[in-house]
Novice: 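Before I ask anything, let me first share the structure, which is written out below as structure tokens.
Every number for a ligand or one of its atoms is a count from 1 in the order of the listing. The structure presented is a predicted model; accordingly, all values stated were derived computationally and were not measured.
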Amino acid sequence: MSDVGIDAVEIWTGKLKLDLAETFAPEKGDDPAKYTKGLGLFESSFPDTYEDIVTMGANACKRLMERHDLSPDDVGRIDVATESSFDNSKPISTYIAGCLEQTFDGDFHHANKGERKFACVAGTQAIDDAYNWIRAGRNRGRSAIVVATDTALYARDDPGEATQGAGAVAMLVSEDPDLVTLSDAQGYGSADETDFLKPNQQFPSVDGKRSVQVYLARMREAVEDYESVAGDLHPDDFVYAPFHTPFPGMVRKAALLAYRHITRDTEIEEELADAIGMQPRREEFDDDEAFSEAVSAYTDDLKGTDRYAAWYDATIDPTLDISRRVGNWYTGSVHIARIAGLKRALSEGRDMTGERIFVASYGSGAQAEVHHETVQPGWDEEIAGLNIDEQVADRYDLTFEEYERVHAAHDHSKDRDFEEFTAPEDEFVFDGWGRMGERKYRYVE
Ligand code: COA
């Protein structure tokens, strides 16, 4: 059986931009540094009034199929991962296929379509489903398209309002992929949690501080599970570690704990010992509290070392380049982190073929999944074909008052009709409602 993995990717950002430091922070009475330094976010993307999870997903798929000269017959599966669906029965993949059939010859009538739900980890789960379908030999030589598409909106004045975003990532999963192959080894950390949920409501109920703790706990479990099958991780094992990125500050916390874990019992721990001592071991302490305090103190010291800073700058920081400018894309977040890392490598002229990356996904509710990927020879051409920098630069810069209108325009409970801020061109747009309450779409030349 040949290797299976991600063959191609495409990204589509919502066309509007909210500048968090310049526009949002002053209205909230916040220091802009809370966003730029604390959360690590500069801007969020929002959909214009004619955009939604279907248009963003379909536009990403169209570019992906055109760049790779694919026809509907080449695709045997379309899975959409989203936590912003507007339909409890009809999957978003059917709407997206319907859009694509407006512009491509042929149809997707023989493609299996579905929708995956588990908060932000669902995109990774959909890739898993595609991988398993191909490895099972059921694909008849065809590829799968996985679309992670979300409009991450929080209720106005919820603390999560600082971490919104909107966009889609389309990924082609195939045999002998050009971008990355996926490891068989995986680790899971999964538990029944109520950190973030949407019980039949559009905007999430969030316990933000708790969600940060749950992310870290489930991620730790997943890493330990991975190590139980793949052996202990070492920082030299991977070049980048893209994490699920609700906001870069979250990844900063996770990366520090991960580094502490993967340097334990290594030469790095020994080499750092003169400066900050060895990592505390439980058996050296009388009780959990004293142990936990010692671990916290060690972690703080570790964060201040040049060795950790150099690892973070090389391995984690590049994966945050896109996220900083677009905010949280829920299911797409970890996938733009992977792309951001590879984009940085391309811009530095680095040869990534054969290198490993360690991918850490997370979804509230809650589940973390980790695995590694091996970069393939066609990676540089694939990444060079993306136009995400131009898309990000071209977004319309919202005033705060315009942001309020955009938020209301995408609030399903409100019936608002606003003028668009940008003019659609060569893309799918929302075109009103049909007789059964379905959303309709058309292609604009
Ligand atoms: N300069 C530098 N840093 C600053 C700052 C300033 N002036 N003001 C605040 N900060 C830092 C805080 O110290 C904090 O960092 P820390 O956690 O490392 O200490 C960070 O900025 C955020 O500030 P905080 O006061 O905690 O923000 P908040 O109460 O508004 O909530 C979240 C932050 C993440 C809980 C909130 O945005 C949220 O609920 N988000 C949605 C849920 C989510 O994304 N969860 C993640 C897991 S999926």
Novice: Of the protein's non-hydrogen atoms, which lies at the shortest distance from atom 1 (N) of ligand 1, and what is that distance?
Specialist: Ala33 CB, 3.5 Å

Novice: Tell me: protein heavy atom nearest atom 45 (N) of ligand 1, and distance?
Specialist: Ser211 OG, 2.7 Å

Novice: Between Arg439 and Asp431, does any side-chain N to carboxylate O distance fall below 4.0 Å?
Specialist: no

Novice: For atom 36 (C) of ligand 1, what's the nearest protein heavy-atom neighbour? Residue, atom name and distance, please.
Specialist: Pro159 O, 3.6 Å

Novice: Strictly below 4.0 Å, N to O, side chains only: are Arg156 and Glu161 in salt-bridge contact?
Specialist: yes

Novice: Using a 4.0 Å heavy-atom cut-off, which part of Pro246 comes near ligand 1: side chain, backbone, both, or neither?
Specialist: side chain

Novice: Do any non-hydrogen protein atoms sit less than 4.0 Å from atom 32 (C) of ligand 1?
Specialist: no

Novice: Quick check: do Val54 and Tyr441 have side-chain heavy atoms less than 4.5 Å from each other?
Specialist: yes

Novice: Tell me which protein heavy atom sits closest to atom 4 (C) of ligand 1, plus the residue, atom name and distance to 0.1 Å.
Specialist: Lys34 CA, 3.7 Å

Novice: What's the separation between atom CD in Glu438 and atom NZ in Lys90, rounded to the nearest 0.5 Å?
Specialist: 8.0 Å

Novice: Please determine if Lys343 and Asp389 form a salt bridge, counting it only when a charged side-chain N lies under 4.0 Å from a carboxylate O.
Specialist: yes

Novice: Can an N or O of Ser364 be found at a distance shorter than 3.5 Å from an N or O of ligand 1?
Specialist: no

Novice: Would a search of protein heavy atoms around atom 12 (C) of ligand 1 find one under 4.0 Å away?
Specialist: no

Novice: Between Phe196 and ligand 1, which residue portion shows a heavy-atom distance shorter than 4.0 Å: side chain, backbone, both, or neither?
Specialist: neither

Novice: Can you report which non-hydrogen protein atom sits closest to atom 7 (N) of ligand 1, along with the distance?
Specialist: Asp31 OD2, 3.0 Å

Novice: Is there any N or O on Asn328 that sits under 3.5 Å from an N or O of ligand 1?
Specialist: no

Novice: Could you say whether the N/O atoms of Lys37 and ligand 1 ever approach to under 3.5 Å?
Specialist: no

Novice: Could you see which bit of Lys253 sits under 4.0 Å from ligand 1, with heavy atoms only: side chain, backbone, both or neither?
Specialist: side chain

